[in-house]
Amino acid sequence: MIAKTEAACLQDWRKELLVNAYGNVLEVGAGTGANLNFYPDKIKKLIISEPDEFMRKKLLLKLDDSSIKSHEIQSFGMEDIDLPDNSVDCVVSTLVCCSVRSPEESLKQVYRVLKPGGLFLFMEHVAAENNPSRLKWQNRINPIWKRISGNCHTNRETEKYILEAGFKIKQITKASMRKAPAFVRPTIRGIAGK
Ligand SMILES: C[S@@+](CC[C@H](N)C(=O)[O-])C[C@H]1O[C@@H](n2cnc3c(N)ncnc32)[C@H](O)[C@@H]1O
């Protein structure tokens, strides 16, 4: 299922988003490294974090094979980013805010570690804010879906949490994630600035 979605849209979206990464970059919830091929040469260092041990092992292998020379792997979650205030130029989160324990706390942490002027690059599936019948369906399926899919919530209002954390949204695209189940199709992706 995810392979079809990757081919239908996610690969293009990752590429388009990550071209904006620069300097010292933190990627949170990196999974097995789906973004690694898309980082531009202008990044100085990649700090990449994944709390799941199994995924982290695969990520490590992929990282060693990648063209990213300066990198550091970490296990902290998005709510507990173990980095100093104002220390990174960019933070990347793709399909992670749906699964964290607390999106509010996670986004506050992202804001904290970004330098003033730094960028948060995001791509997330979200609540169907302009489609009440789909939102109703998302709310109904959420309790089951999060239990069977690693705490992935179908109905998170991630844009609201980004704004509440203090970010200014510089660019946002709302699009349907093709070849995905209807209840996870609404997405947002873009750039928020500190
Ligand atoms: C759907 S996967 C997305 C993986 C990858 N970012 C991508 O774009 O394909 C969700 C990821 O979020 C991670 N995750 C779950 N809870 C997290 C948390 N509290 N903080 C950071 N990452 C978390 C999972 O381990 C998993 O790797």
Side-chain angles (χ1 to χ4, degrees), residues 1-21 25-39 43 46-63 66 68 71-83 88 90-114 120-127 138 141-142 144-156 158 161-162 165 173 175 177-181 183-191:
M1 186 183 73
I2 193 70
K4 283 188 179 170
T5 314
E6 286 284 348
C9 53
L10 290 181
Q11 293 281 297
D12 286 345
W13 293 355
R14 292 179 193 282
K15 196 172 172 182
E16 174 196 296
L17 185 69
L18 291 165
V19 82
N20 299 294
V25 179
L26 166 67
E27 180 176 344
V28 288
T32 56
N35 289 328
L36 287 180
N37 290 337
F38 301 110
Y39 280 104
I43 74 166
L46 179 65
I47 303 167
I48 193 158
S49 185
E50 169 51 52
D52 181 273
E53 196 182 347
F54 176 74
M55 289 205 202
R56 204 164 56 244
K57 278 186 186 149
K58 289 191 153 190
L59 177 62
L60 195 54
L61 293 176
K62 215 162 166 185
L63 201 52
S66 80
I68 300 166
H71 54 71
E72 172 185 324
I73 193 156
Q74 293 286 352
S75 59
F76 51 71
M78 202 171 171
E79 296 89 345
D80 320 291
I81 300 177
D82 190 11
L83 292 177
V88 295
C90 288
V91 177
V92 173
S93 162
T94 60
L95 307 175
V96 181
C97 291
C98 55
S99 300
V100 297
R101 292 187 309 281
S102 164
E104 295 94 332
E105 185 52 34
S106 295
L107 289 158
K108 280 186 202 156
Q109 285 290 311
V110 170
Y111 192 86
R112 179 184 69 74
V113 298
L114 269 175
F120 175 44
L121 310 179
F122 58 90
M123 176 180 85
E124 300 289 343
H125 71 82
V126 294
Q138 287 180 317
I141 201 157
N142 189 53
I144 305 161
W145 183 253
K146 68 181 181 195
R147 238 181 289 144
I148 60 172
S149 59
N151 202 41
C152 171
H153 291 64
T154 55
N155 57 356
R156 287 223 158 134
T158 303
Y161 301 133
I162 293 173
T173 304
M177 186 158 69
R178 295 188 302 283
K179 306 273 182 197
F183 49 85
V184 292
R185 257 183 236 160
T187 66
I188 58 170
R189 63 183 196 278
I191 305 175

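In listed order, ligands and their atoms are each counted from 1.
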Just how far is it from atom [atom1] of [X] to atom [atom2] of [Y], taken to the nearest 0.5 Å?
{"X": "Phe183", "Y": "Asn142", "atom1": "CZ", "atom2": "CG", "value": "10.0 Å"}
{"X": "Gln74", "Y": "Glu50", "atom1": "CD", "atom2": "CD", "value": "12.5 Å"}
{"X": "Leu83", "Y": "Phe76", "atom1": "CG", "atom2": "CZ", "value": "4.0 Å"}

Subset of ligand 1 atoms that lie under 4.0 Å from at least one heavy atom of [X]:
{"X": "Ser99", "result": "15 (C), 16 (N)"}
{"X": "Thr94", "result": "3 (C), 5 (C), 6 (N), 7 (C), 8 (O)"}
{"X": "Met78", "result": "18 (C), 20 (N), 21 (C)"}
{"X": "Ala34", "result": "9 (O)"}
{"X": "Arg14", "result": "7 (C), 8 (O), 9 (O)"}

Counting only nitrogen or oxygen atoms and a 3.5 angstrom limit, does Glu27 reach ligand 1? no
N/O separation below 3.5 Å, Glu50 to ligand 1: yes
Partners of Phe120 by ring-ring contact (aromatic ring centres under 6.0 Å, His included), sequence neighbours excluded? Phe122, Phe167
Applying side-chain hydrogen bond (donor to acceptor under 3.5 Å, both in side chains) to Glu27 and Asn35, what does each step give before you reach the verdict? CA-CA 9 Å; Glu27 180 176 344; Asn35 289 328; 2.9 Å; yes
Quick one: closest heavy-atom pair of Arg189 and Ala175, and the distance? NH1-CB, 3.7 Å
Taking [atom] as the reference point, the nearest protein heavy atom with its distance:
{"atom": "atom 18 (C) of ligand 1", "result": "Val100 CG1, 3.6 Å"}
{"atom": "atom 19 (N) of ligand 1", "result": "Glu79 OE1, 2.8 Å"}
{"atom": "atom 3 (C) of ligand 1", "result": "Leu95 O, 3.4 Å"}
{"atom": "atom 12 (O) of ligand 1", "result": "Val96 CG1, 3.9 Å"}

Is there a side chain to side chain contact (heavy atoms under 4.5 Å, CB included) between Cys97 and Arg156? Walk through the geometry before answering. CA-CA 8 Å; Cys97 291; Arg156 287 223 158 134; 5.7 Å; no
Which residue pairs pass the salt bridge (charged side-chain N to carboxylate O under 4.0 Å, His left out) test when at least one of the two sits in residues 98-108, sequence neighbours left out? Glu79-Arg101, Asp80-Arg101
Apply side chain to side chain contact (heavy atoms under 4.5 Å, CB included) to residues Ile48 and Leu36 and explain how you reach the verdict. CA-CA 10 Å; Ile48 193 158; Leu36 287 180; 3.8 Å; yes
A student comparing Gly29, Gly150, Pro51, Gly77 should find that the heavy atom closest to atom 17 (C) of ligand 1 comes from Pro51
Side chain, backbone, both or neither: which applies to Met123 and ligand 1 if a contact is any heavy-atom pair less than 4.0 Å apart? neither
